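The structure appears below as structure tokens.
Values in this document were obtained by computation on a predicted structure and should not be read as measured data. To find a chain, count down the sequence lines: A is the first, B the second, and so on, and within it residues start at 1.
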Amino acid sequence: MSILDQARAQIAAIVARAAGAVGAELAAAEVKIEMPKEQSFGEFSVNTAMQLARQLKQNPRAIAEDIVKGIDTQGTYIQAVEIAGAGFINFRLSHRYYEDVVKEILARRSEYGKSNIGMSKRVIIEFVSANPTGPVHIGNARGGAVGDVLAEVMAWAGYDVYREFYVNDAGNQVAKFGASLEARYLEMFGRDFTFPEDGYVGDYIKDIALEYAKEHSGDLLEVASDERQRTLAQFGLALNIADMEQALERYGITYDNWFRESSLYENDKVPQAVELIRQKGYTYEKDGALWFEATRLGCDKDFVLVRSNGTPTYITPDIAYHVNKLIERNFDIAIDILGADHHGYVPRLSATMEAAGVGKDRLHIVLTQFVRLVRRKEVVKMSKRKGEIITLSDLVSEVGKDAARFLFNLYNPNTHMDFDLDLAVEKSNDNPVFYVQYAHARICSIIRQCEEERVRSEPDMSLLQEDAEIALIRILARFGEEIILAAQHFDTSRIPKYAVELAAQLHTFYNSCRVRVEDEALMAARIALITAVEIVLKNALDILGIDAPEQM
RNA sequence: GCGCCAGUAGCUCAGCUGGAUAGAGCGUUCGGCUACGAACCGAAAGGUCAGGGGUUCAAAUCCCUUCUGGCGUACCA
């Protein structure tokens, strides 16, 4: 249990006991403990008196006074209890609390911030899953950054995490891909060709056709169109998937598994999934098609699983895939990171899983809203139709993985965001990425110089009495809490925000307290403090998959 | 039409499981390097929390409603 958790548990127990003494029923777990941002309100705060006001039919302040009278702080971190505002009870902690926090960080180092609220539950997180008919484009970049960091956050919170990329290598798009390749291939050899109406237009299609011709010359010119398309499509998929893998790796993402949609078909998993849903009694036939009775599970309309011509609709392989994840492979929790354009799809997929007998809390879908790229104050226009796309590789080349990963995670996934390409490369205080990395480098630089001074004293944390020092420790103490909240809310943005807050307080501290001072004991204590900051910044940056430079 | 998401400072965004004076960065104005990294810090100005109702000790936060923007709403994927 972390020092912060210990303090909180002490307060919960004490308040519950004191509340019982004034005639209220209150379990320790029901005591809602807040951490006020205002330092003068103390370390923790409790609104119990207000909550009990109605039940006890008394003025909150009067209740608060009674509770405070009954509080016994023996053997706890609590130093003072005060009543404030409308009836808040504020707890001020003894300095020993801050000392213990710093000691805890120095002892746990790269483990500091880890917890086990996940209880080693197995989580599969699927993200990016870009269409393999083309390169990973900028639209997938946000989902990639969010998914990878969420996976790391969950791991820190004690979940057993598995990262997966779902490869849509079957179905209509692949057929279209093959047809587009065929056209470019024939064109290259001067044969007659017709470009498919809504085929893929980008230059990369020509490149793939050319690549094939280089390796196999014209061996497909005389075969049936059917086979030609299939061969080219498979060739292209292999190239594209290898490219995607490489681009994602440059972005700091590696997967435990690349799961092929085609494997579902090869193993008959799609009809099996349909059969499962049918057996559960959630289907009916109409107009020759097999329908899913989604309205019974709260959706606004039913939808088709198998068309009247016998082919599955787009959602059916996805059902099979999720059955595979949650039933066959039996992951406790599946998380999908999807673009917001899929939001209409979420209740449907959830309904099918419910029908399949999967508990509601086992599938979580995180939607990432669209990103507008901004360059020189102008929105960068992209047209998929014309093949004008910005790829993930372009982005990483232009701004680097650190800036991209940090900025995509800085905002809540569920808000629209502008990504300013100019800002991302700026090495200034406008740029939060450099701001945080600079703080880390600054600490490393100070520590390097202090090492030459050969401080012999054991650090005595009781010397850390300045406001700027206490403020710093207060933030450090919260790190594990931030990770837990991020995991519980599937909200990775807490981590970069926290990192910025910690970096800012470090800079404030730097400007008001010197580390290299005459007083050797004080110097030792301050070195210990900034070392703790360095550890936590490094841990936060590690979660984000971003370098923590020792100098810049 | 119905549904989902968003609307908070000039700009980009926090805060949203109700709590104390609505925050941060940028931009603007002023100030701070002969001291450990000025890629930094301090201060000031800047708000009808889109509008209107409601719920209660307390609403940016919950409910209803209107407006604005984005996206869904296929036997397309």
Side-chain angles (χ1 to χ4, degrees), chain A residues 32 34 36-38 40-41 45-47 49-51 53-54 59-61 84-88 90 131 168 171-174 176 198 286-291 299-301 303-315 317-318 339-348 367 369-370 372 374 377 407 410-420 423 426-439 441-450 452-453 468 485 488-489 493-494 497 500-501 503-504 506-517 523 526-527 530 551-552:
Chain A
K32 195 182 160 199
E34 295 169 351
K37 33 192 170 177
E38 175 60 50
S40 66
F41 293 155
S45 165
V46 130
N47 66 350
M50 282 111 103
Q51 286 178 315
R54 179 174 294 181
N59 179 318
R61 281 197 72 108
F88 290 98
N90 294 337
N131 197 325
N168 290 105
N172 278 343
Q173 314 160 78
V174 174
K176 203 163 70 178
D198 49 355
K286 193 179 88 184
D287 306 330
L290 186 71
W291 290 72
C299 293
D300 53 348
K301 47 183 88 163
F303 54 87
V304 171
L305 294 177
V306 183
R307 299 185 185 98
S308 51
N309 68 8
T311 59
T313 56
Y314 74 99
I315 197 172
D318 277 2
D341 52 335
H342 288 77
H343 78 255
Y345 172 80
V346 173
R348 300 173 172 211
L367 296 177
Q369 294 289 340
F370 286 124
R372 287 194 312 179
V374 176
K377 306 284 176 203
L407 292 172
L410 183 57
Y411 309 111
N412 187 301
N414 203 19
T415 65
H416 306 258
M417 73 170 276
D418 287 350
F419 190 102
D420 187 329
L423 175 61
E426 214 168 292
K427 290 181 169 47
S428 76
N429 50 358
D430 305 9
N431 187 336
V433 189
F434 285 97
Y435 183 82
V436 173
Q437 291 182 321
Y438 177 65
R442 192 178 225 186
I443 294 170
C444 291
S445 168
I446 298 168
I447 291 175
R448 271 194 302 274
Q449 291 172 58
C450 290
E452 293 161 15
E453 318 257 338
L485 287 169
Q488 284 172 340
H489 297 280
S493 68
R494 302 196 76 101
K497 283 171 196 158
V500 169
E501 187 186 346
L506 182 275
H507 291 310
T508 298
F509 160 81
Y510 174 88
N511 277 279
S512 63
C513 304
R514 270 185 66 79
V515 175
R516 295 176 67 194
V517 287
M523 178 158 127
R526 286 186 172 160
I527 290 171
I530 63 168
Q551 48 197 334
M552 316 175 46

Of the candidate nucleotides [options], which contains the atom at the shortest distance from the side chain of [X]?
{"X": "A:M50", "options": "B:G42, B:A20, B:C57", "result": "B:C57"}
{"X": "A:R348", "options": "B:A20, B:U73, B:C41", "result": "B:U73"}
{"X": "A:D341", "options": "B:G72, B:G37, B:A77", "result": "B:G72"}
{"X": "A:I446", "options": "B:A39, B:C36, B:C41", "result": "B:C36"}
{"X": "A:F434", "options": "B:C5, B:A39, B:C41", "result": "B:A39"}
{"X": "A:N172", "options": "B:G42, B:G18, B:A77", "result": "B:A77"}
{"X": "A:Q173", "options": "B:A77, B:G15, B:C75", "result": "B:A77"}

Measure the distance from [atom1] on [X] to [atom2] on [N] and round it to the nearest whole Å.
{"X": "A:R442", "N": "B:C36", "atom1": "CZ", "atom2": "C1'", "value": "9 Å"}
{"X": "A:I443", "N": "B:G37", "atom1": "CD1", "atom2": "P", "value": "12 Å"}
{"X": "A:Y411", "N": "B:C16", "atom1": "OH", "atom2": "P", "value": "18 Å"}
{"X": "A:F509", "N": "B:C41", "atom1": "CZ", "atom2": "P", "value": "14 Å"}
{"X": "A:D300", "N": "B:U73", "atom1": "CG", "atom2": "P", "value": "11 Å"}
{"X": "A:I315", "N": "B:C75", "atom1": "CD1", "atom2": "C1'", "value": "13 Å"}
{"X": "A:N414", "N": "B:C5", "atom1": "CG", "atom2": "C1'", "value": "6 Å"}
{"X": "A:L410", "N": "B:A24", "atom1": "CG", "atom2": "P", "value": "16 Å"}

Using only modelled atom types and a 3.5 angstrom limit, is any donor from either the side chain of [X] or the base of [N] paired with an acceptor on the other?
{"X": "A:S308", "N": "B:C75", "result": "yes"}
{"X": "A:N90", "N": "B:A20", "result": "yes"}
{"X": "A:T313", "N": "B:A74", "result": "no"}
{"X": "A:N47", "N": "B:G19", "result": "yes"}
{"X": "A:H343", "N": "B:G3", "result": "yes"}

Taking the side chain as everything from C-beta on, heavy atoms only, tell me whether [X] gets closer than 4.5 Å to [Y].
{"X": "A:K497", "Y": "A:L410", "result": "yes"}
{"X": "A:F509", "Y": "A:I530", "result": "yes"}
{"X": "A:N414", "Y": "A:Q369", "result": "yes"}
{"X": "A:I315", "Y": "A:F303", "result": "yes"}
{"X": "A:N90", "Y": "A:S40", "result": "no"}

For [N] and [X] - does any side-chain N or O of the residue sit under 4.0 Å from the phosphate oxygens OP1/OP2?
{"X": "A:Q51", "N": "B:G19", "result": "no"}
{"X": "A:S40", "N": "B:A20", "result": "no"}
{"X": "A:Y435", "N": "B:C41", "result": "yes"}
{"X": "A:K301", "N": "B:A74", "result": "yes"}
{"X": "A:S512", "N": "B:C41", "result": "no"}
{"X": "A:Y345", "N": "B:C71", "result": "no"}
{"X": "A:R61", "N": "B:C57", "result": "no"}

Under 3.5 Å for both donor-acceptor distances, Watson-Crick or wobble: does [N] have a partner, and if so which one?
{"N": "B:G72", "result": "B:C2"}
{"N": "B:A58", "result": "none"}
{"N": "B:G7", "result": "B:C67"}
{"N": "B:C30", "result": "B:G42"}

What integer number of Å spans the [atom1] atoms of [N] and [M]?
{"N": "B:C26", "M": "B:A45", "atom1": "C1'", "answer": "15 Å"}
{"N": "B:A14", "M": "B:G23", "atom1": "C1'", "answer": "7 Å"}
{"N": "B:U21", "M": "B:C2", "atom1": "C1'", "answer": "43 Å"}
{"N": "B:A59", "M": "B:C49", "atom1": "C1'", "answer": "11 Å"}
{"N": "B:G52", "M": "B:G42", "atom1": "P", "answer": "36 Å"}
{"N": "B:U8", "M": "B:G70", "atom1": "P", "answer": "15 Å"}
{"N": "B:C41", "M": "B:G25", "atom1": "C1'", "answer": "14 Å"}
{"N": "B:C63", "M": "B:C71", "atom1": "P", "answer": "25 Å"}

Considering every strand and a 4.0 Å limit on heavy-atom distances, what is the contact class for [X]: base, sugar-phosphate, or nothing?
{"X": "A:C444", "answer": "nothing"}
{"X": "A:A439", "answer": "nothing"}
{"X": "A:Q437", "answer": "nothing"}
{"X": "A:K286", "answer": "base"}
{"X": "A:S445", "answer": "base"}
{"X": "A:F303", "answer": "nothing"}
{"X": "A:S45", "answer": "base"}

- Angle class for the A:Y435/A:H507 ring planes (parallel below 30°, perpendicular above 60°, tilted otherwise)? perpendicular
- Query: Does the side-chain ring of A:F88 lie flat on the base of B:G19, meaning centres under 5.5 Å and planes less than 30 degrees apart?
  - Reply: no
- Message: Quick test of the criterion, 5.5 Å between centres and less than 30° between planes. Is A:Y438 stacked on B:G37 or not?
- Response: no
- Message: Please give me the minimum heavy-atom distance between A:P347 and A:C299, naming the atom from each residue.
- Response: O-SG, 3.5 Å
- A:M50 side, atom CE; A:R61 side, atom CZ - distance, nearest 0.5 Å: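 Output value for this atom pair is 10.0 Å.
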- Message: If I take atom NE2 from residue A:H342 and atom CG from residue A:D318, how far apart are they, to the nearest 0.5 angstrom?
- Response: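 The CG atom of A:D318 is 8.0 Å from NE2 of A:H342, to the nearest 0.5 Å.
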- Message: Closest-nucleotide mapping onto RNA chain B: is A:M552 or A:D287 further toward the 5' terminus? I mean the 5' end.
- Response: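 This one resolves to A:M552.
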- Contact nearer the 5' end of RNA chain B, comparing A:R494 with A:P312: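 The answer here is A:R494.
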